[in-house]
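Protein chains get the first letters and strands the later ones, always in sequence-line order, with residue 1 at the start of each. In what follows, every heavy atom counts, from backbone to side chain, and hydrogens, waters and symmetry copies are set aside.
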2 protein chains.
Amino acid sequence: MLHPVILSGGSGSRLWPLSRQNQPKQFLALVGDHSLFQETVQRASRLDGVQPPVTVCSEDHRFMVGEQLQEIGVANGGILLEPVARNTAPAIALAALHVLASDADGLLLVMPADHLIEDEAAFRNAVTAARALAEGDWLVTFGIHPEYPETGYGYIRRGDALNGAGYRVQSFVEKPDQPTAERYLAEGTYSWNSGMFLFAARRYMEELERHAPQIAAAARQAYATAQRDLDFTRVDKDAFAASPSDSIDYAVMEKTDHAAVVPVSCGWSDIGSWSSLWSVAERDEDGNRYDGDVISIDTKGSLVRASERRMIATIGVEDLVIIDTPDATLVARKDRVQDVKAIVDQLKAAGRQEHLFHRKVYRPWGNYDSIDMGDRFQVKRIAVKPGGTLSLQKHHKRAEHWIVVSGVAEVTCDDKVFDLHENESTYIPLGSVHRLRNRGTELVELIEVQSGAYLGEDDIVRLEDVYGRS
Amino acid sequence: MLHPVILSGGSGSRLWPLSRQNQPKQFLALVGDHSLFQETVQRASRLDGVQPPVTVCSEDHRFMVGEQLQEIGVANGGILLEPVARNTAPAIALAALHVLASDADGLLLVMPADHLIEDEAAFRNAVTAARALAEGDWLVTFGIHPEYPETGYGYIRRGDALNGAGYRVQSFVEKPDQPTAERYLAEGTYSWNSGMFLFAARRYMEELERHAPQIAAAARQAYATAQRDLDFTRVDKDAFAASPSDSIDYAVMEKTDHAAVVPVSCGWSDIGSWSSLWSVAERDEDGNRYDGDVISIDTKGSLVRASERRMIATIGVEDLVIIDTPDATLVARKDRVQDVKAIVDQLKAAGRQEHLFHRKVYRPWGNYDSIDMGDRFQVKRIAVKPGGTLSLQKHHKRAEHWIVVSGVAEVTCDDKVFDLHENESTYIPLGSVHRLRNRGTELVELIEVQSGAYLGEDDIVRLEDVYGRS
């Protein structure tokens, strides 16, 4: 059986301000209606004889993974939570152990959640070829046919042919300088290292035991003592933290004598920056890509993205990236977008929030958006999904007014429980124990007006929580 | 006596998106804390022996003029409302008639509301010189010493000297082409036509009768039948509309044999575009002017203006103008900002609102800001000034929830009148007659949540209004 393993560990500073630490790029709909994570899952789900995907992600993103899987109606093969980041070798080990628990001969198709593949047929053919090799005990990496001398990727040099579509790996090579990259391109035996793999879970663990036994041991220990929590498998933090942090390339692929490469040309991109999104996006005849409400005059070669309820007008500009979000706008020269990281570093150093969260914050029960704020008040638009339940909570320093604007909310306030319909309101006095719940089948939206001397998110006492957050 | 006359008729498309039809550039704080209108009024008020200013403005801006005068604590010499725009000659005639009604020998110092003057001492000296000439029956225009060969202004050529500081006007000349402008600059006898004037009200009307009798007659008729409405003098619409539309330059100054010019070098600018604002603003060593929350890397020669609760980040850009407002952001090359007008034209043609109003809308009683909007609801933050009273009104298609977040609001709802304090709320059912009033001395702020199938501003029946809007 083939088990897709989706590695969703990206931190997402390179596509700021659209990506935030709390919502990295794999969860954004950058091209089309679905997020890169959802597209990755769907692409995998359309393969022949495939099992539900196993996702490895951080604690912080667990509810987003769950929600995005639910949105596309894909069955969940397991969501493994990394308590700390330890790079890809330990993450894949967790997935391998998870699959081995139910399928001793299971094959893993490992895919980063944030890559784009335009030619799905080519990808599928490559998977078929890789699968045949993996069944013959090879650890297969997918090598992307290089289209230009990129210096930002590692390369794989192929050796002897193994079957019609695969080769022994002769060597993995580091990110080259420009002349070296040009030579690789000219020689024709090099591929980009895509970070996608296909191998038997058993074979991966065998090679990991051999070449990185500490990682294998830590992963086994962490997985063996993992706790099941709703849809999530939360591995043991101390055990997992004991693992060395290392990539699959270093820990296994460069060391095993069973590394194979299947070259593929499938319109692959890792969308590592705004300029790479621009280059894979459909553009108008002046080379512009506009998303949202954009009015432009004499604009060329630019990527412009407006956010909801806002418009962007451009005049006479060229080769710019303009990304608007509710609380921050980026205007950058397209060939300087790698410096977005430096902006994020400045935000971090200043102790700000704009690199961590969007104004709209996702929670397991839905989301809230801080639509206004003043001296002693804050206004939030709160959306509660069907079935969603906020924690039973109280605040020491603020009272709240709730006005339902769509759906039917079940409100608990101290010893009363009652329904609140559209155009009805209630008052939650300071200190009262309260809860909000959506028992219906449509979204509940309400406006919350907070009033008080202190309005920080940390003024919350959670008495009960169905999502294990109390 | 010297009577400042502030011409506040600008329409304000050139500084979009900060300026809107409903809030043109004279009402914006572009440099410093006060608006250009307020700075113009204050500058005039600091002259010796000066009377309270007379303002001529359009109906649409009357409350903003009143509020901005109040803010700076300047007594009001009259706010004359133009029911239709007829250019400067008729507008100044209204002001002349207004002054003549109480001061037969009154002198008018005519100033556009949207100009910047950096060297107030130089301006004051020029006024003194002009005043001496005006007392000798001259109609004086202020000629700005040209600093570069501007092709966007008309020029004034001086003739014989009249006193130490003034000259006969030899001729007014149209906007020149580049070589002509360079010649004017080289010859040294030309000044920019600033649109500022000083003359006796009586003399202006005499010359207007002589050279543009239809304008004079229409203005006399319109002023004679004007209605007093609160602080405002509303001239008769039909009578005023009968006036030809003409500038004081064409109608009077170019024709009279009593035109004089007082050249002055006072750091004058008409801030006719974003690039001219950039050139008069203080800038950092890289030539950037930042207002608000801006983070930048390798940025040069740019004007960047962030709006409240939002940040702008720039990377590697040069000579850009970036202007952010709550509903629209402009990104333009600095030498292309004259095309802002074309953007405004596109907005007009598309029947949009972003050229007419800001998200925050000013009313005589205060303002409201549409902070959120959904399918069947809208959320507004409403501020009511001390003494402010909204109209007694009702809505056919929406109910409203009010939550007071600061101050004490007096609420009328059908037959009940009651006070609402901070952290208190009330419900205004659909169809009920209601009113909101601030009897206190501090600002009242409240959050209004509207709920209903139709939420347009036109669903309002005004039963009573203290500002004459019912």
Side-chain angles (χ1 to χ4, degrees), chain A residues 16-17 295-298 304 306 309-318 320-322 324 326-333 335-337 339-340 342-343 346-347 350 352 354 359 369 371-377 379 381 399 401 403-406 422-425 427 430 445 447 449 451-452, chain B residues 16-17 295-298 304 306 309-318 320-322 324 326-333 335-337 339-340 342-343 346-347 350 352 354 359 369 371-377 379 381 399 401 403-406 422-425 427 430 445 447 449 451-452:
Chain A
W16 184 89
I295 294 186
S296 66
I297 293 177
D298 290 348
V304 185
R309 281 194 84 203
R310 291 177 42 77
M311 64 161 291
I312 294 178
T314 63
I315 303 173
V317 299
E318 212 161 315
L320 285 190
V321 166
I322 304 173
D324 188 38
D327 60 352
T329 304
L330 170 71
V331 180
R333 226 172 67 188
D335 60 359
R336 290 293 303 278
V337 289
D339 285 337
V340 162
I343 296 279
Q346 284 191 37
L347 293 172
R352 298 182 58 141
E354 287 90 345
R359 216 186 64 177
D369 186 358
I371 58 177
D372 200 10
M373 200 177 282
D375 196 18
R376 291 165 52 84
F377 72 94
V379 187
R381 176 177 178 172
H401 299 256
I403 300 105
V404 172
V405 294
S406 77
E422 182 177 319
N423 194 27
E424 292 179 347
S425 70
Y427 176 60
L430 188 150
E445 285 185 292
I447 304 301
V449 180
S451 180
Chain B
W16 185 89
I295 293 186
S296 67
I297 292 176
D298 290 347
V304 184
R309 280 194 84 201
R310 289 177 43 75
M311 66 160 289
I312 294 178
T314 63
I315 303 173
V317 300
E318 211 161 316
L320 285 191
V321 166
I322 303 172
D324 187 39
D327 60 352
T329 304
L330 170 72
V331 180
R333 225 173 67 190
D335 60 0
R336 291 293 304 277
V337 288
D339 285 337
V340 163
I343 296 278
Q346 286 191 36
L347 293 171
R352 298 181 58 140
E354 287 90 346
R359 217 186 64 177
D369 186 357
I371 57 175
D372 201 8
M373 200 178 281
D375 197 18
R376 292 165 51 84
F377 71 95
V379 188
R381 175 175 176 172
H401 300 256
I403 300 105
V404 173
V405 294
S406 76
E422 182 176 317
N423 194 26
E424 291 179 350
S425 70
Y427 176 59
L430 188 150
E445 285 184 292
I447 304 301
V449 180
S451 179

Quiz item: For B:Pro17, is it the side chain, the backbone, both or neither that has a heavy atom under 4.5 Å from a heavy atom of chain A?
Solution: neither
Quiz prompt | Best-contacting candidate, A:Gln346, A:Arg359, A:Arg352, against chain B by heavy atom pairs under 4.5 angstrom | solution = A:Arg352
Exercise. Please look at A:Ile343 and chain B and tell me whether the side chain, the backbone, both or neither of the residue comes under 4.5 angstrom of a heavy atom of that chain.
Key: both
Quiz item: Tell me, side chain or backbone of A:Asp324 under 4.5 Å from chain B's heavy atoms, or both, or neither?
Solution: side chain
Exercise. Examine whether an atom of B:Ile322 lies under 4.5 Å from a heavy atom of chain A, and if so say whether it belongs to the side chain, the backbone or both; otherwise answer neither.
Key: side chain
Self-check item: Side-chain heavy-atom pair A:Phe377, B:Glu445 within 4.5 angstrom cut-off
Solution: yes
Exercise. Please indicate whether A:Asp375 has more than 12 foreign heavy atoms, meaning atoms of other residues, nucleotides or ligands, lying under 6.0 Å from its CG.
Key: no
Self-check item: Any side-chain donor near an acceptor of the partner, A:Thr329 and B:Arg310, under 3.5 Å
Solution: yes
Self-check item: From CA spacing to verdict: side chain to side chain contact (heavy atoms under 4.5 Å, CB included), B:Asn423, A:Arg376
Solution: CA-CA 10 Å; B:Asn423 194 26; A:Arg376 291 165 52 84; over 6 Å; no
Self-check item: chain A contact via B:Val340 - which portion, at a heavy-atom distance below 4.5 Å
Solution: both
Quiz prompt | CG on A:Asp372 to CG on B:Asp369, rounded to 0.5 Å | solution = 6.5 Å
Practice problem: Report the distance from atom CD of B:Glu354 to atom CE of A:Met311, rounding to the nearest 0.5 Å. | Solution: 6.0 Å
Practice problem: Enter the distance from B:Arg336:CZ to A:Asp298:CG here, rounded to the nearest 0.5 Å. | Solution: 4.0 Å
Quiz item: So which of A:Ala306, A:Gly316, A:Ser296 has the biggest tally of heavy-atom pairs under 4.5 Å with chain B?
Solution: A:Gly316
Quiz item: Given that the side chain runs from C-beta out, which part of B:Ile371 has a heavy atom under 4.5 Å from chain A: side chain, backbone, both or neither?
Solution: both
Quiz item: Less than 4.5 Å apart, any side-chain heavy atom of B:Ile403 and any of A:Ile403?
Solution: yes
Quiz item: CD1 of A:Ile315 to CG of B:Leu320: how many Å apart, nearest 0.5 Å?
Solution: 11.5 Å
Quiz item: If you count heavy-atom pairs under 4.5 Å with chain B, which of A:Val321, A:Val304, A:Ile312, A:Val404 comes out on top?
Solution: A:Ile312
Quiz item: So do the side chains of B:Ser451 and A:Glu422 get within less than 4.5 Å of each other, counting heavy atoms only?
Solution: yes
Quiz item: Going by heavy atoms in the side chains, are B:His401 and A:His401 under 4.5 Å from each other?
Solution: no
Quiz prompt | Side chain / backbone / both / neither for A:Ser406 at chain B, heavy atoms under 4.5 Å | solution = neither
